[in-house]
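Throughout, protein chains are lettered first and strands after them, A, B, ... in sequence-line order, and every chain is numbered starting at 1.
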2 protein chains.
Amino acid sequence: MFKKKNISLAVIRRLPRYLRYVEDLLNHDVMRISSSELSQRMGYTASQVRQDFNNFGGFGQQGYGYNTQVLYENLVKILGLDRHFKMIIAGVGNLGQALANYTNFYKKGFRLVGLFDVDPQKVGRSIRNVEIKHINKMREFIKKNDVDIGVLCVPADVAQEVANLMMEGGIKGIWNFTAKEIDVKDDVVVENVHLIDSLMVLSYRLNEKLIEKENADQK
Amino acid sequence: MFKKKNISLAVIRRLPRYLRYVEDLLNHDVMRISSSELSQRMGYTASQVRQDFNNFGGFGQQGYGYNTQVLYENLVKILGLDRHFKMIIAGVGNLGQALANYTNFYKKGFRLVGLFDVDPQKVGRSIRNVEIKHINKMREFIKKNDVDIGVLCVPADVAQEVANLMMEGGIKGIWNFTAKEIDVKDDVVVENVHLIDSLMVLSYRLNEKLIEKENADQK
DNA sequence: TAGATTGTTAATCGATTAACAATC
DNA sequence: TAGATTGTTAATCGATTAACAATC
């Protein structure tokens, strides 16, 4: 598939959202959608929708709109979801277990092939038929199985150390759930999920409203 | 505290990251930092750091830089972390349990006061001294205890329904972990954590690299 | 005082929106 | 064909960066 270079991250971050909406349309047997209707549902402008899609070479049709199925297939391809990436989770605490049990990831092509922890109580147990191994086996496992994605769910103070192990094994992407920023080699992709940051943004916005209210009350 | 209106979301989303870096400085007894050094550590420009802070009224000193402690206290205040928001979790599955066990949230002033589920096996049990109650008690609980934040960890198909219950109870903010977008009243703040979206962005970037590589190999 | 670094204005860059010709 | 809607260029808007006077 042809692909223009330098798509901005702003566009890329909207793509999964498009996919979710288009999936929803398909589930409701809507086989056709215009940029203006899709934009209304999603809270974007029609212009933005068309600009976004045209970054990847226009899969609409003048006078008609977008065929939902075609749109869906293109988004899947653009997002690389037809690749079936192999994934391991390091740190099988509450969060690691939660992620291991997420069946949604499997549906999108992400294959959980390994779980790693240091706790001897956990090593040997299995989640969804994937055995928990000791983390000192992780590096070789990544190498041998050509694992793509490492999910980092370990305590913050060992985040960098475990990330290093992953990279030594040849991991290509790290999905980082720790509160730490990790340093990676140039060719490794990191996607951060800083839950505490998200909660603080919520706090900011709640606080903002409370201040507004207090100011209004004083008048 | 005086507060300018209309700070852009781009700025707000950087604030928690500033806070984490400043905390780190304090932990290492760094009592003073210039915009240029902080920007280098964080990968921003010095200009951006100064612009960001000046949205909230400049707490630096010419010729000196920023006092780390003062900076920290300001960020805490700006983010509303001195408020101690009350929080409940709806849906005590793997993810709900993981979040309930996160002690980091408590340290930032978020108080877990309730857990709710429909599973009779779970109702009555406790996590960190918070009892799991049936979700049909949630609305009254929110009202009675003046709960601020509702964490939505329920299955996607009941997301809107449970969000509605929260709003009927008078919740002020919803932290949404479901893959669904939820409709809320104007005065309710929603912060989404779409894990699958984040994973898809990682997939996009991995796929991008693979395509590059394939193209290079063909030459 | 001299040096350093902020606060702030101006310039640039990039992303979003508007407009419209192309075309199904 | 006429109507609709895309693809794409141009205009606008907003965010980031650069520059420098203010001042500690």
Listed in order of residue number, which residues of residues 17-44 of chain B have a non-hydrogen atom at under 4.0 Å from DNA chain D?
none

So that I can tick it off, tell me whether [Y] and [X] are bridged by a salt bridge, with the cut-off set at under 4.0 angstrom between side-chain N and carboxylate O.
{"X": "Lys172(B)", "Y": "Glu208(A)", "answer": "no"}
{"X": "Glu23(A)", "Y": "Lys107(A)", "answer": "no"}
{"X": "Glu37(B)", "Y": "Arg41(B)", "answer": "yes"}

What is the distance from [atom1] of [X] to [atom2] of [N], rounded to the nearest Å?
{"X": "Asn55(B)", "N": "dT16(D)", "atom1": "CG", "atom2": "P", "answer": "10 Å"}
{"X": "Gln48(B)", "N": "dG14(C)", "atom1": "CD", "atom2": "P", "answer": "14 Å"}
{"X": "Phe56(B)", "N": "dT6(C)", "atom1": "CZ", "atom2": "P", "answer": "17 Å"}

Taking side chain to side chain donor-acceptor pair (under 3.5 Å) as the test, write out the residues that go with Ser35(A), two or more places apart.
Arg50(A)

Tell me the bend of the helix from dG3(C)-dC24(D) to dC24(C)-dG3(D) as the angle between end helix axes, each from five pairs, rounded to the nearest 10 degrees.
10°

Assess whether ring-ring contact (aromatic ring centres under 6.0 Å, His included) is satisfied between Trp175(A) and Phe110(A), documenting all intermediate values.
CA-CA 12 Å; Trp175(A) 200 19; Phe110(A) 300 95; 7.8 Å; no

Going by the side chain to side chain donor-acceptor pair (under 3.5 Å) test, which pairs reach into residues 83-98 of chain A, not counting sequence neighbours?
Arg83(A)-Asn207(B), Arg83(A)-Glu214(B), His84(A)-Arg111(A)

Test Arg205(A) against Val201(A) for side chain to side chain contact (heavy atoms under 4.5 Å, CB included), laying out the working first.
CA-CA 6 Å; Arg205(A) 298 202 282 159; Val201(A) 171; 4.2 Å; yes

Please list, chain by chain and in numerical order, all residues satisfying side-chain contact (heavy atoms from CB on, under 4.5 Å) with Gln61(B), sequence neighbours excluded.
Tyr64(B)

Below 30° counts as parallel, above 60° as perpendicular, anything between as tilted: where do the rings of Phe59(B) and Phe53(B) land?
tilted

Does a donor on one side chain and an acceptor on the other come within less than 3.5 Å for Gln160(A) and Asn164(A)?
yes

Step through the shown structure and confirm whether more than 12 heavy atoms of other residues, nucleotides or ligands are within 6.0 Å of CD on Glu161(A).
no

Short side-chain N/O contact from Thr45(A) to OP1 or OP2 of dT16(C), under 4.0 Å
no

Short side-chain N/O contact from Arg14(A) to OP1 or OP2 of dT16(C), under 4.0 Å:
yes

Heavy-atom protein contacts under 4.0 Å, nucleotides 7-12 of chain C, coded B base, S sugar-phosphate only, - none
BBBB--

